[in-house]
Each structure stands twice: as C-alpha cells, then as structure tokens.
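For reference, the structure discussed in these notes is given below.
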Number of protein chains: 2
Amino acid sequence: MKQDLRVMKTQESLRNALLTLLKTKALDSISVAELCRLAKVNRGTFYSHYKDVHGVFKHYLEVIVEDFKKAYEEPYYRTGFRIQYIRPEMIKIFDHVNRYKSFYQIIFHQKIPMMYYYLLFDTVRKFMYESLENNHINPELEVQMDYLISYQANAILGLIMEWNRQDYATPTEELSKQLITILSINSPFRNKE
Amino acid sequence: MKQDLRVMKTQESLRNALLTLLKTKALDSISVAELCRLAKVNRGTFYSHYKDVHGVFKHYLEVIVEDFKKAYEEPYYRTGFRIQYIRPEMIKIFDHVNRYKSFYQIIFHQKIPMMYYYLLFDTVRKFMYESLENNHINPELEVQMDYLISYQANAILGLIMEWNRQDYATPTEELSKQLITILSINSPFRNKE
DNA sequence: TACATTATTGAACAGATGTACAAGAAACTG
DNA sequence: CAGTTTCTTGTACATCTGTTCAATAATGTA
C-alpha cells in the first residue's frame, strides 16, 4: 500500500512553499497561515499532516541526516578512529556540513528549538557508539560509555557551532587540522612542563 | 535614578506568575495571555516590558548564570586547570547544575529555543578562555583558541546533557570521576596497544 | 503638597492558532 | 467503470498575538 496521491501532492506543495519562503525570511517567522496560502493548501489539511511549521522543515533535516550518515559510513571509515586516521573521516563530515550550511545556519539559530540539535547530537552519538564498539577500547577504564560518547559527540558539535558562528570562514581542511591538533593535546588544559 | 515602583511591581508579578505556572505546565505551553491573567497585568503592559514569555524566564536564567559564575570563580580555582586538580573544580559546577536541575530540565527541553543553550555555552567558553589565558599553554601548537575552547566547552555541556537525559541519576561525585577518566584518555578513540 | 512625568489600563484591531464538521472531490479497489 | 473509501475544502469558533491610543492612575520631584 503506497501513499495516496493527494497526500503526496499536499506535502510536496507545502515543502516547496517552505523552501521558497526560507529564501527571504527566517524559519521562526513563517506562520502556518502564510505557508498554506502560498502552497494553496487548506489550513485544516495542514494540521492533519503536521503539528506546526517545524513538522515540514523536519523533512529536510531527515534528508540531511541521511547524507550525513552516508558521508560517515563509507567503507574505509570502518577502519576505526585512531588519531592518525581521523583526518579523512572528519573532513567528510565537515564537507557535509559545508554543503548544507544554509540548513545548519537555521538549525543553530538562537530562536530555533533544541529538537534539531538533539537530532544531530543523537546521530553523532550513534556513530561514535558504533566506532567504540568496533574498537572495544579501554575496558579497564571505568567509564560509562554514555558519558564518554556524549562528551565526544558534543565536542565535535561544539567545533561545528564555532565554525557556524564564524560563518564558515575556515576551510574544511583547516578545520580538520584544528581537530587533529586539539585531539593531540592530552588533557585539555594541561600546563606546559 | 532607580526603578519606578510600578515597573518593579509589574515585573515581579509576572515573574511570580511564571513560577506558579511552571509548577504545573511546560514553559513552551504558557501563553502571554495566561501569564497576564494570573499576574493581573494588562497584556499591553506586558509587551512594553517583554517580547514574549521567554523574556520573563530569561530573568531566572540570569540568576542561575550568576550562581554558575560564583561556583566557578572561587579563589582556589584560579590555580589553573591541570588534570589532577580538575575534580574540585568540576564538582562545583555539577553541584550547581544539580541545585538548579528543574531549570536545566527546561533549558534542555526539545521545544525550548537554542538561546538558553548559547547562554550556557558562552558562559562556559568565557571561563575556559580565562583559564587558558592564565595558563598560557601550547603556544607552539597551531590551534585557534576559539576552536579549542568551543570544543572543550561544548564537551562539558555534552556531559551535562547526558546527565540531564538520565534524569540526574548519577551522583555529582561519580560524574566528576567520569570526567577525570574521560580527560585521562589521550585521544578520544585510540585503540589499546 | 501640587504638579509634571511616566506607567498601566481597557478597548479595539487585523491577523494567527488549533480544532471541528459537513459537503464535495479525488483516489484506490474489485 | 462503479462504488467505496479517504482526503481536501470551506466555514465557523474561541482563543491568542502584537500593536495602537486615549483615559486614568500611580509615582517621583520641586
């Protein structure tokens, strides 16, 4: 049983309308009414498909997360996460973010709800979880996986947020070089000795 | 020139009403109209003080950030950030978050705008910036301060978010122990060898 | 205390939200 | 192709938003 043609038409129309509106105004300033007017969809119909405008936007995020996963899961990544190999892995991620920066700018915006951030956070966490499993590291250390993963995953997102804050001025190559340097620092705030 | 008494009364009334409403419903479900009804403040008056309900909530966040800073800036913290001394520093922060967890639960909620997260992020970044300056580390390494700081600051927030996700089940002592262990791992995903 | 200043109120407005329901239109199914 | 199912539409309603404005009340000050 496939999708009803009318449903597909309605949703596609709303998605196109959102893309059009996003060219000229911020996501959080787009109302359901405005979106429906442009898409020529009855407002009642809208509410039978989505809860709010974010519901429509979420569709794009799913596409992006899909690309994110693809960028990450290419065969040679499965080699692990050792520091000397981190560059080719990360540059792919940074390339991905760079490719979709117009969306990341929206997602990271002050007025946008945390839900999108969590989607990214969870995606990165899942990647790291798999990496850690494959490499079964530090069984002697008493670290709760969840904390280690959340620490590392959010650190990467912190890097990307900084990149976003600087309007993606840093080239991806430079960014991954920065990451390598950061990772090579043993303890984050050690003194020189 | 001090504040007008009427202004103070209005704002206090709105703040109290918000606290009352937060006991029974989520921040994002509280409308300006409802808040004003409970506070017995004219809606027009509301808009001459705040832009929306978040404007009122922000006041509490300022109080919390103030406490955060106090928790961080106690004299002996100025000793630096070396790994062996990180425990007493961090436990204070974790204690702070634990003390205000009902607020952090709100801030970290899916539907809440990123603005509060940025406020935390910026606060932690500022702390780290000062720590790094005092300890003038790795001048030989070519790291852009901004990236290093955003990486580290967001990593800590990742830890706190994970704590929040687990409903603050982990005791603060255990959490700071986890942090020490994580920091002691040289590269985040090194293989054992 | 009297006066000038400033804040609050109430009312009104156009537009938005979220929900409901009957009537009509479009799509699937045999 | 006909019939049934499902979706969309139009309309309506109560409530909320954000803004404006004149009238009124409270405050600070000379």
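Letters go in sequence order (proteins before strands), and every chain restarts at 1.
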Checklist entry - Among residues 5-37 of chain A, which contact DNA chain D at a heavy-atom distance under 4.0 Å? => result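 Output list: A:Arg6, A:Val7, A:Thr10.
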Next on the checklist: Please list all pairs meeting side chain to side chain donor-acceptor pair (under 3.5 Å) that have one or both residues in residues 13-31 of chain B, counting only residues at least two apart or in different chains.
Outcome noted: B:Lys25-B:Glu34
Checklist outcome for this item: ring-ring contact (aromatic ring centres under 6.0 Å, His included) pairs touching residues 14-49 of chain B, sequence neighbours excluded, are B:Phe46-B:Tyr50
Can you name the residues that form a ring pair (Phe, Tyr, Trp, His ring centres under 6.0 Å) with [X], not counting sequence neighbours?
X        : value
A:Tyr118 : none
A:Phe68  : A:His96, A:Phe127
A:Tyr117 : B:Tyr117

Checklist entry - Which listed nucleotide (D:dA12, D:dT8, C:dT8) is nearest to the side chain of A:Ser48? => result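 That would be D:dT8.
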Checklist entry - Taking the side chain of B:Thr45 as its heavy atoms from C-beta onward, which of D:dT8, C:dT8, C:dT17 lies nearest to it? => result C:dT8
Between [atom2] of [N] and [atom1] of [X], the distance in whole Å:
X       : N      : atom1 : atom2 : answer
A:Phe46 : D:dT8  : CZ    : C1'   : 15 Å
B:Asp4  : D:dA25 : CG    : P     : 17 Å
A:Arg43 : D:dT9  : CZ    : P     : 13 Å
B:Asp52 : C:dA16 : CG    : P     : 18 Å
A:Asn42 : C:dG24 : CG    : P     : 16 Å

Checklist entry - When you check the phosphate oxygens OP1 and OP2 of C:dA7, does a side-chain N or O of B:His49 lie under 4.0 Å from one of them? => result no
Checklist entry - Counting just side-chain N and O atoms, does A:Tyr47 come under 4.0 Å of either OP1 or OP2 of C:dG18? => result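 Yes.
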Checklist entry - Using atom P of each nucleotide, how far apart are D:dT9 and C:dC28 to the nearest Å? => result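 16 Å, rounded to whole Å.
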Checklist entry - Side chains of B:Thr170 and A:Tyr147: donor-acceptor distance under 3.5 Å anywhere? => result yes
